[in-house]
There are 2 protein chains.
Amino acid sequence: MNSEEFRKTGKDMVDYITNYLEQIELRQVYPSVEPGYLRPMIPDSAPEEGETYEDIMKDVERVIMPGVTHWNSPYFFAYFPAATSYPAMLADMLCGALGCIGFSWAASPACTELETVMLDWLGKTIGLPEQFLAGTNGEGGGVIQGTASEATLMALLAARTKVTRKLQAENPDLSEAEIICRMVAYSSDQSHSSVERAALISGVRMKKIPSDENFTARGEALKKALEEDKAEGLIPVFLCATLGTTSSCAFDNLMELGPICNAENMWLHIDAAYAGSAFICPENRYLMKGVEFADSFNFNPHKWLLVNFDCSAFWVKKRSDLICAFKIDPVYLQHDHQESGLVTDYRHWQIPLGRRFRSLKLWFVLRMYGVKGLQDHIRKHMRLAQEFHEFVKNDDRFEICAPVILGLVCFRLKGSNTLNKSLLQKINTSKKIHLVPSCLGDKFILRFAVCVRTLESNHIVFAWKHIEELATEVLKEGEKQ
Amino acid sequence: MNSEEFRKTGKDMVDYITNYLEQIELRQVYPSVEPGYLRPMIPDSAPEEGETYEDIMKDVERVIMPGVTHWNSPYFFAYFPAATSYPAMLADMLCGALGCIGFSWAASPACTELETVMLDWLGKTIGLPEQFLAGTNGEGGGVIQGTASEATLMALLAARTKVTRKLQAENPDLSEAEIICRMVAYSSDQSHSSVERAALISGVRMKKIPSDENFTARGEALKKALEEDKAEGLIPVFLCATLGTTSSCAFDNLMELGPICNAENMWLHIDAAYAGSAFICPENRYLMKGVEFADSFNFNPHKWLLVNFDCSAFWVKKRSDLICAFKIDPVYLQHDHQESGLVTDYRHWQIPLGRRFRSLKLWFVLRMYGVKGLQDHIRKHMRLAQEFHEFVKNDDRFEICAPVILGLVCFRLKGSNTLNKSLLQKINTSKKIHLVPSCLGDKFILRFAVCVRTLESNHIVFAWKHIEELATEVLKEGEKQ
C-alpha cells in the first residue's frame, strides 16, 4: 500500500470508525459467539498474495464485530471505564506515523520531554503535591506506564532494591536472597489482583490486611500486622494503598496509613487507577487526603480521563529510587547527553525497553477538552451514578452494598447469593446491557459502573428498567422453586 | 469534539501523516535540540478551556517536530528497525475505536481469538515447529507481548515457578526463597540488556557465558558453566539464547545449546527479537536450526515485519507452564466460559492486566502484504545491507567486524577506538544520517542497520559517500595531531 492508497483508505477508515461510534447503540453490547467461533471463519494460514483493504473491511464486519464486546456502547456498565475519545485517537494516529521508540532521550527528545511536562501538567490538574512533579529542579517526576499493574510492580521493585541496598550497606555479608526472603509487603484485602501478582513476580511475600466495614484499610489493622511480622523477624518494605477499589470503589485511609509507613520507612504506593481521574475536580480531592505521605502515586487516564489505552500515569517523589533500581547501560543505548543530569531516559523507569509516543494523547486530550471539559465529563458521570443509585434505593427489593462515591454503584437483591447470581446471569444472557459481579465479604454483588463517554440519563433509565424487570422475573422463579 | 468534527479532523490527520511520511527525507533525521528544549515552548499547565485541532497541529510543527528523531527517515540507520506501515496504521485506528481491553476471553472474544489464530498464522509463516502453535488441540500457543523484554521476563518467571513447584513437591519444607536463591540462569555475553534486567526483576542470578570469536554462544562454554555451578550446589533453570544479537546480529548455536538444556531440564528461551522476521524467507531458516529444542520463542514483528510497535510475538510449547505461573482469579474478572478449557484468558500470559486489540495489526499486515510481500521486504533489506557491505569491503581504510547475515553491517575504521568514536561523533553531529555504536570485545564499532521500509539504493549510496568523506576528514585530523 503506497501513500496515495493510504490517503484514501485512511479516510475511509475515519468514516468507518466514526460511523461505528455514532451507531454503536444499534449493536448488541455483549456478543453471542461461543468459544472457538473465529478460527473456522478465516483461512488457516496467511495468504501468499496481498489482499485489498475492502476484502479486509468486509471481514471486520463478518468475523470481528460479531465477537466484540462493545466497551464504547452506552449499555456497557462492566469492569471500569476504558476511555476512548476523538482527540486521543487523533494523537494515536500521529504517534503511529512518527513510529519513534522513545527508550532514551536521544531516541526522540520530543517523546521524552513532552512526557515529562505532560505528567507535570496532569499532576497539577489533579492537585498532586509538588514533590511528585519534575519541574525544572525537582527530585520527583512522572512517567507513562502501560497499566497500573506495571506501576505497582515498578514501585515494589524500587522498594525492594532500596531496602536491599540499605541493609547490604549496613551488613555486606547479607545476600540479596537472604534479605528478600525476610521482606514483607502489604495491601488491603480489597486491593486489585495485580498487587498480589506484583508480589509473586518480585518474590516479596505479600500480606493482606483486613479492611473495615466500608472496605477501607485502616491504620490499626496495619499496625497489628506490622507488630506480628516484626516480632517474627520480617522486614516491612511496602504498602500498596488503594483509592477507589475495583470491587466497591472504597478508599483506604491514607491519613492513618501514611504516617505509619513513613515512620517505618516503608514505601507507600497509592493505586488510584480508577479514582485518580476524579481528582481533576477539586471537590473530590478530599478523597486523596494524605497523598503527601506517599512515595509513589498512580492513576489511569485510560480509564476515566478520556485518554485511550494505554496510558497509566505514575509519579515518584524521588526519581532516583526508580532509576537506580534497574539501570543497565549497554553501549548501543548510550548517548552524549545521558550523564549530563539534564535528561530523562525513561527506559530506566519501566519494565519494557521500547515505548510509544503516548504523551501525545495526553497533550491532545488536555488541550482539546481543557481542564473544564474534563471536569464536566467526571461530574456528569458522577451525576449519572447517583441517578442509578436513586433508582436502586427507591426499590425495596434491592440493597446498596457500598457507599456510592464516584461512578460505581454496588447493589444486590436482598436475599441469597444464588438469587443474585441468577439475576446477573439473566442480565448477561439477555445481552441488552453488560455488568460484571464482585464479592464484598461473603456477599455476591452486582457492579454498575458508569463507563462510556456518551452516556446519558436515558441509558440509565433503560438499564434500570431492564434490571428491575429481570429482578421481578428472578424473584418469581425463586418463589416457584 | 463530536463525531462530525472527528470525521473532518481525522481526515486532516490522515493527510498530515501521509504528507509527513512522503516528505520525510526533507526533515533532518536527528534533531538539533538540546536537553530541556521543550518545556519553555509550552505553557506550564493545562489550559482551562478547550483549544482547537488547528492550534495543536501548529504546535506539532513548532514544538514536537524539531525534537523528533525520525525513525522512518531513510537516513536513519540506528538501533534496529521500528516498523511502520500503512496497513498497521489502519488497524491501529480501528483498534483505538473499538477500545476493548482484552484481558479475558469475555472482555472481547474477537480480541482473544484473533490473536490466537494470528499467532498460529505468524508461527507457520516463519516455519516454527507445530508444537508452538495452538491449533485446535495443541498444548502450545502464542501471545502478543509489548516488547521482547517482557517476553524474556515471562519465560524466566515461568521457568522459576516450574522449578520451584517441582522442588517443593519433592521437599515440601523448602521455601520459595531458599529455592530461588540457588537458581541460576544463563545467557551469552552478547545477549540484550533486557535479559540481565529480567534476571534482576525475578531475583534469579544470571551468568553470562562467553561467546566465541563470532560472538556466538556455544555448547562447550555452557557445559563448563553448568559444571562449575552445579558443583557449587546451584540449580540451573533457564537459558536465553539469542538469534540476531543487538551488537552484531550473531546467532547462538542452538544445535549445541538445545540438547544440553533439554538434558538438564532447563527452560530454553529464544530471543529472536530482530532476526525472527527474516525467517519468513525459507532461505533464512537455517539460522533457526535447533528451535525445536526451545520451550519458548520470541520475535518482534514491530521491528522488521512492518507491524507498528507494540507487537512482540511470543510462543510457548506448553501454555500451561505460562498460565499456571501467575494465575489469580478475582470475582470481577471471572466469566462463564473460563473453566471450559476452550478459552484463552491472555491476562495470565503477561505482566499487565489490560491489553489492546493488537492482533488486528498482524491481520491487516499479513493480509495486505501477503507472505510474498513481506518476503520481498526482507529480501530487499538484506540486499541493501549487502550493498553497504560491499562499499565498506572495497575501502581499505575500513574493516568489517562481524559476518553480515541479515540487515546489519558492523564496521569500523582500521585503527583505534578513539578514531572510531571521532567518526561516529562527526556522523551524528552532521545529522545527515543517524547511526549508533556498539562494542565487540574491546573494539568500539559502528552499527549500520537497514531500517526503513522506503529505503532504496540511492540512500545507501548517499550514506556511504557521506561516511567515507567524514572518514577522510577524521583521518586527516588524526594525522595532524
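First the proteins, then the strands, lettered A, B, ... as listed; each starts at 1.
- Between L98(A) atom CG and I64(B) atom CD1 the span is 8.5 Å, to the nearest 0.5 Å.
- For D59(A), the parts lying under 4.5 angstrom from a heavy atom of chain B are both the backbone and the side chain.
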Review point. Can T147(B) and F103(A) be said to form a side chain to side chain contact (heavy atoms under 4.5 Å, CB included), step by step?
Key: CA-CA 12 Å; T147(B) 58; F103(A) 41 71; over 6 Å; no
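- For a residue to count as touching a neighbouring chain, one of its non-hydrogen atoms must lie under 4.5 Å from one of that chain's; by this rule I24(A) does not touch chain B.
- Of the listed residues (N72(A), V436(A), N308(A)), the greatest number of heavy-atom pairs within a distance under 4.5 Å of chain B belongs to N72(A).
- Comparing L122(A), I101(A), L366(A) by how many heavy-atom pairs each has under 4.5 Å with chain B, the most go to I101(A).
- The SG atom of C95(B) sits 9.5 Å away from the CZ atom of F309(A) when rounded to the nearest 0.5 Å.
- Counting heavy atoms from C-beta on, the side chains of K372(A) and E49(B) come closer than 4.5 Å.
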Practice item. May I have the step-by-step check of side chain to side chain contact (heavy atoms under 4.5 Å, CB included) for W121(A) and I42(B), ending in yes or no? Key: CA-CA 11 Å; W121(A) 276 25; I42(B) 64 174; 4.1 Å; yes
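- Neither the backbone nor the side chain of Q145(B) comes within less than 4.5 Å of any heavy atom in chain A.
- Using a 4.5 Å heavy-atom threshold, the side chains of T9(A) and Y86(B) count as separate.
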Check your understanding: Is there a side chain to side chain contact (heavy atoms under 4.5 Å, CB included) between F6(A) and L90(B) once you walk through the steps?
Key -> CA-CA 8 Å; F6(A) 177 71; L90(B) 289 168; 3.7 Å; yes
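- Qualifying salt bridge (charged side-chain N to carboxylate O under 4.0 Å, His left out) partners for E51(A), counting only residues two or more places apart in sequence or in other chains: R367(B).
- Legend: residues meeting side chain to side chain donor-acceptor pair (under 3.5 Å) with S149(B), ordered by chain and number and at least two apart, are absent.
- Considering only heavy atoms from C-beta on, V14(B) stays 4.5 Å or farther from M13(A) through its side chain.
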